[in-house]
Amino acid sequence: MMETKFRIFDGYKMIYFDLKSDITIKYGHLYLPEEDIYLDLKHSVIMHYIGEKDKNGKEIYEKDLVKNDCGQIGKVVLFQFLIGRLKTK
């Protein structure tokens with residue numbers, strides 16, 4: 001199971017946190033008391049860790065730009081969905 005980590009870019013700095021972090025989300029704002037950071041989510045970009053690292057060991061997040069072995073560049077998109085069984089009566 002992959003780690004559930006996030007990062008937020010507010011236009012000035014990148015802030016990293018996970019679900020173990022003490023966070024408060026209220027009225028469209030996120031507060032991280034450990035670092036005394038208060039962000040307006042309306043003007044921030046939230047990115048989810050995809051569970052993979054690049055060739056240098058750096059974590060890859062949604063919206064990162066990556067280059068493949070052929071030199072093509074693309075933006076990372078994370079798709080998550082649940083697969084379940086249908087119950088019949």
Side-chain angles (χ1 to χ4, degrees):
M1 186 169 182
M2 87 172 166
E3 297 174 82
T4 306
K5 296 182 188 181
F6 299 91
R7 71 180 183 195
I8 296 178
F9 182 65
D10 68 354
Y12 301 100
K13 60 189 168 297
M14 199 74 74
I15 295 116
Y16 295 82
F17 67 96
D18 59 24
L19 293 181
K20 297 174 192 165
S21 301
D22 182 19
I23 60 172
T24 302
I25 299 174
K26 195 173 191 177
Y27 305 116
H29 293 85
L30 180 133
Y31 179 62
L32 292 162
E34 297 169 358
E35 301 177 35
D36 196 30
I37 295 174
Y38 186 76
L39 298 169
D40 179 359
L41 294 177
K42 184 177 181 181
H43 301 290
S44 300
V45 179
I46 302 173
M47 295 158 268
H48 190 204
Y49 174 55
I50 68 163
E52 297 290 331
K53 295 183 179 181
D54 68 9
K55 65 181 182 181
N56 300 315
K58 187 175 176 184
E59 294 176 340
I60 301 173
Y61 286 79
E62 283 182 290
K63 300 180 178 77
D64 279 351
L65 295 177
V66 293
K67 187 185 330 183
N68 66 15
D69 294 337
C70 298
Q72 298 169 318
I73 297 174
K75 187 182 283 190
V76 175
V77 178
L78 178 66
F79 288 100
Q80 288 187 323
F81 55 91
L82 299 174
I83 300 174
R85 283 188 273 171
L86 294 175
K87 293 185 180 180
T88 57
K89 295 183 180 182

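Not measured: the values here are computed from a predicted model.
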Requested in this report: Could you go through the ring pair (Phe, Tyr, Trp, His ring centres under 6.0 Å) check for H48 and Y61 one step at a time?
Outcome: CA-CA 5 Å; H48 190 204; Y61 286 79; 8.3 Å; no

Query raised in the report: Is a donor on one side and an acceptor on the other found under 3.5 Å between the side chain of D10 and the backbone of Y12?
Result: yes

Query raised in the report: Can you check whether I46 reaches L41 side chain to side chain, under 4.5 Å on heavy atoms?
Result: yes

Query raised in the report: If we ignore angles and hydrogens, is there a donor and acceptor under 3.5 Å between the side chains of D36 and Y31?
Result: yes

Query raised in the report: What's the spacing between I8 CD1 and K13 NZ if we round to 0.5 Å?
Result: 10.5 Å

Requested in this report: May I ask you to test the E62-K75 pair for a side-chain heavy-atom distance under 4.5 Å?
Outcome: no

**Report entry** Common cluster, F17/F9, ILVMFWY with side-chain heavy-atom separation under 4.5 Å
**Finding:** no

Report summary line: Here the gap from L30 atom CG to I15 atom CD1, rounded to the nearest 0.5 Å, amounts to 8.5 Å

Query raised in the report: Taking atom NZ of K20 and atom NZ of K5, what is their separation to the nearest 0.5 Å?
Result: 9.0 Å

Query - E52 side, atom CD; I60 side, atom CD1 - distance, nearest 0.5 Å - result: 6.5 Å

Requested in this report: Side-chain contact test, heavy atoms from C-beta onward, threshold under 4.5 Å: evaluate it for V45 versus K63 and give yes or no.
Outcome: yes

Query - M14 vs M47, side-chain contact (heavy atoms from CB on, under 4.5 Å): CA-CA, chis, key distance, verdict - result: CA-CA 10 Å; M14 199 74 74; M47 295 158 268; 3.8 Å; yes

Requested in this report: Write down the atom of L39, the atom of I37, and the distance for their closest heavy-atom approach.
Outcome: CG-CG2, 3.8 Å

Query raised in the report: Do I50 and V76 come within less than 4.5 Å of each other through their side chains, counting heavy atoms only?
Result: yes

Query raised in the report: Which heavy atom of P33 sits nearest a heavy atom of D22, and at what distance?
Result: CD-O, 2.8 Å

Report task. May I ask whether F6 and Y49 are part of the same hydrophobic cluster, defined by side-chain heavy atoms of I, L, V, M, F, W, Y residues being less than 4.5 angstrom apart, directly or through others? Result -> no

Query raised in the report: Are more than 12 heavy atoms from other residues, nucleotides or ligands located less than 6.0 Å from atom NZ of K53?
Result: no

